Protein chains: 2
Amino acid sequence: MRYHKIPDETVKRLPRYLRAAVLLRRGGKKKLSSSELAEFIGSNSTQIRKDFSYFGSFGTRGVGYDTQKLIKQISKILKLDGQREAILIGVGNLGSAILAYEGFSIYGLLIKAVFDNNLRKIGKKLNGLVIEDIAKLKSIRPKKIKMAILTVPSNQAQHVTDKLVDNNIRGILNFTSCRIEVPRKVKVVSIDIALDMARLPYYMQ
Amino acid sequence: MRYHKIPDETVKRLPRYLRAAVLLRRGGKKKLSSSELAEFIGSNSTQIRKDFSYFGSFGTRGVGYDTQKLIKQISKILKLDGQREAILIGVGNLGSAILAYEGFSIYGLLIKAVFDNNLRKIGKKLNGLVIEDIAKLKSIRPKKIKMAILTVPSNQAQHVTDKLVDNNIRGILNFTSCRIEVPRKVKVVSIDIALDMARLPYYMQ
DNA sequence: GTATGTGAATCTCTTCACAGCA
DNA sequence: TGCTGTGAAGAGATTCACATAC
């Protein structure tokens with residue numbers, strides 16, 4: 001394989017492939033072909049093979065992919081084989097829901113600490129974690145946590161983001177509807193619920 | 001303007017433009033240029049003008065856009081000027097959080113009814129709405145509600161989706177991590193929290 | 001025979017460059 | 001002069017077609 005810039009769309013699809021492979025593996029599948037994978041996630045096999053090809057060739061011609069090996073390969077590409085711990089900031093309705101959410105585990109992602117600025121919440125326990133004071137954010141530094149889930153009110157988004165960056169956070173999953181400014185070394189992925197909801201009527205005509 | 005197929009990426013950006021315009025209008029802006037809008041949302045002015053151009057031309061050369069008129073135009077394109085009511089199915093942690101979420105209002109979207117299958121929840125009140133039995137879904141038909149937010153556990157996703165489709169739902173905001181099968185006339189937009197979280201480590205290297 | 005891996009062709013989207021109009 | 005609107009060029013992503021390997 002020659003050098004290629006990896007399409008962002010490819011990176012976005014990899015977690016899907018990973019989840020599918022894990023689920024199929026759990027279901028007993030030891031070998032997996034690109035068409036089986038495509039069928040499972042509603043994609044097409046050429047796309048999947050092309051996506052994989054950017055990172056090397058990890059299948060066997062005429063046979064397919066070793067499911068376990070594929071899981072390892074994708075995990076490695078996505079850097080899900082290393083540091084996978086995150087903190088969550090903002091224990092409102094959405095924050096609490098995400099704390100209770102079980103979908104992260106399939107990727108080995110784990111929320112290790114929770115912060116809020118509300119004195120009535122600090123000290124309380126939620127999903128096995130004691131809610132900490134956001135002023136004590138630097139306690140995460142020795143733990144080397146690099147990811148944060150941001151579920152604070154919009155008007156606090158930038159302020160809290162700055163604090164996160166100061167405390168070595170390098171990736172933020174942003175649930176606020178604001179654009180947050182970060183240094184180039186920090187990556188933000190945003191989920192904007194209302195934004196996605198707002199285009200439904202367009203498609204429904 | 002000649003005929004053009006509208007890029008899906010354009011449609012995805014329209015809600016952002018709309019929100020920005022509404023916020024800027026609230027801030028007192030009566031005229032708005034594409035570069036001001038671009039600055040506000042972190043995009044670029046050419047992109048914005050091109051996006052608008054697919055739907056006609058609603059600015060004034062040398063001047064910019066009338067903010068209020070722009071809001072109307074985008075709302076009309078997105079069909080946010082008509083039926084904007086939705087139901088929510090599955091009052092777990094995430095469902096409750098979304099029910100309490102205030103971000104929909106800027107688009108005029110409204111959750112009008114909530115359903116669950118848990119007998120201990122049915123009849124209880126949440127955010128001013130009584131939780132109804134999912135078996136009584138057909139009560140929405142006379143209300144002509146066409147949108148649903150799906151926050152049920154994954155193993156119920158397809159079953160509940162089928163019921164929604166039977167009851168004239170034509171657009172679904174899907175928070176489950178499954179692919180749900182629907183007839184072609186029904187549109188699904190999916191938000192998969194773990195999927196977006198799982199690619200953060202990749203970008204953080 | 002069967003399924004992967006990949007250049008080339010195609011399709012889609014973004015950016016450029018500038019014409020058109022207040 | 002200033003900002004919109006838009007064909008044309010360029011960049012990016014998908015699909016095709018087939019060589020390659022088991």
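Here is how names work: the chains are called A, B, and so on, in the same order as the sequence lines, proteins then strands, and each is numbered from 1. For clarity, every value in this text was computed on a predicted model and none was experimentally measured.
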A:Ser33 (side chain) donor-acceptor with A:Glu36 (main chain) under 3.5 angstrom: yes
Rounded interatomic separation in angstrom, taking CZ from B:Phe58 and C1' from D:dC3: 15 Å
Interatomic distance where NZ belongs to A:Lys5 and P belongs to D:dG12 [whole Å]: 7 Å
Sub-4.0 Å heavy-atom contacts from residues 66-78 of chain B onto DNA chain C, ordered by number: none
Whole-Å gap separating C1' (D:dG2) and CG (B:Leu32): 15 Å
Under 3.5 Å, which N/O atoms of the protein pair with N/O atoms of nucleotides 20-22 of chain D?
residue	atom	partner	partner atom	Å
D:dT20	O4'	A:Arg61	NH1	3.4
D:dT20	O2	A:Arg61	NH1	2.6

B:Ser34 vs D:dT4: side-chain N/O to OP1/OP2 distance below 4.0 Å: yes
Pair B:Tyr101-B:Phe104, ring pair (Phe, Tyr, Trp, His ring centres under 6.0 Å): steps then yes or no: CA-CA 7 Å; B:Tyr101 179 65; B:Phe104 294 130; 5.2 Å; yes
Spacing of A:Asp192 atom CG and A:Arg179 atom CZ [to the nearest 0.5 Å]: 13.5 Å
B:Tyr65: partners by ring-ring contact (aromatic ring centres under 6.0 Å, His included), with sequence neighbours left out: B:Phe52
No-hydrogen, no-angle side-chain donor-acceptor test under 3.5 Å, A:Thr176 and A:Asn174: yes
From CA spacing to verdict: salt bridge (charged side-chain N to carboxylate O under 4.0 Å, His left out), A:Asp51, A:Arg16: CA-CA 12 Å; A:Asp51 284 340; A:Arg16 253 200 193 89; over 6 Å; no
Rounded interatomic separation in angstrom, taking CD from B:Glu36 and P from D:dC3: 9 Å
side-chain hydrogen bond (donor to acceptor under 3.5 Å, both in side chains) involving B:Glu9 - partner list, sequence neighbours excluded: none
Neighbour count >12 (heavy atoms, 6.0 Å) for atom CD, B:Glu102: no
Atom-pair distance (CZ on B:Phe52; C1' on D:dC3), nearest Å: 14 Å
Nearest-Å distance for atom pair CG/P, residues A:Asp8 and D:dT14: 10 Å
B:Ser34 and B:Arg49: side chain donor to acceptor below 3.5 Å: yes
Which side-chain N or O atoms in residues 145-159 of chain A pair as donor and acceptor under 3.5 Å with protein atoms at least two apart or in another chain?
residue	atom	partner	partner atom	Å
A:Thr151	OG1	A:Ile89	O	3.0
A:Thr151	OG1	A:Gly90	O	2.7
A:Gln156	OE1	A:Asn117	ND2	3.2
A:Gln158	OE1	A:Glu181	N	2.8
A:Gln158	NE2	A:Asp162	OD1	2.9
A:Gln158	NE2	A:Glu181	O	3.0

Interatomic distance where NE2 belongs to A:His4 and P belongs to D:dG12 [whole Å]: 14 Å
Taking only N/O atoms, report every protein-nucleotides 14-18 of chain C pair under 3.5 Å with atom names and distance.
residue	atom	partner	partner atom	Å
C:dT14	OP1	B:Arg13	NH1	2.8
C:dT14	OP2	B:Arg13	NH2	2.8
C:dT15	OP2	B:Asn44	ND2	3.0

Atom-to-atom span, OH of A:Tyr17 to P of C:dT4 - whole angstrom: 13 Å
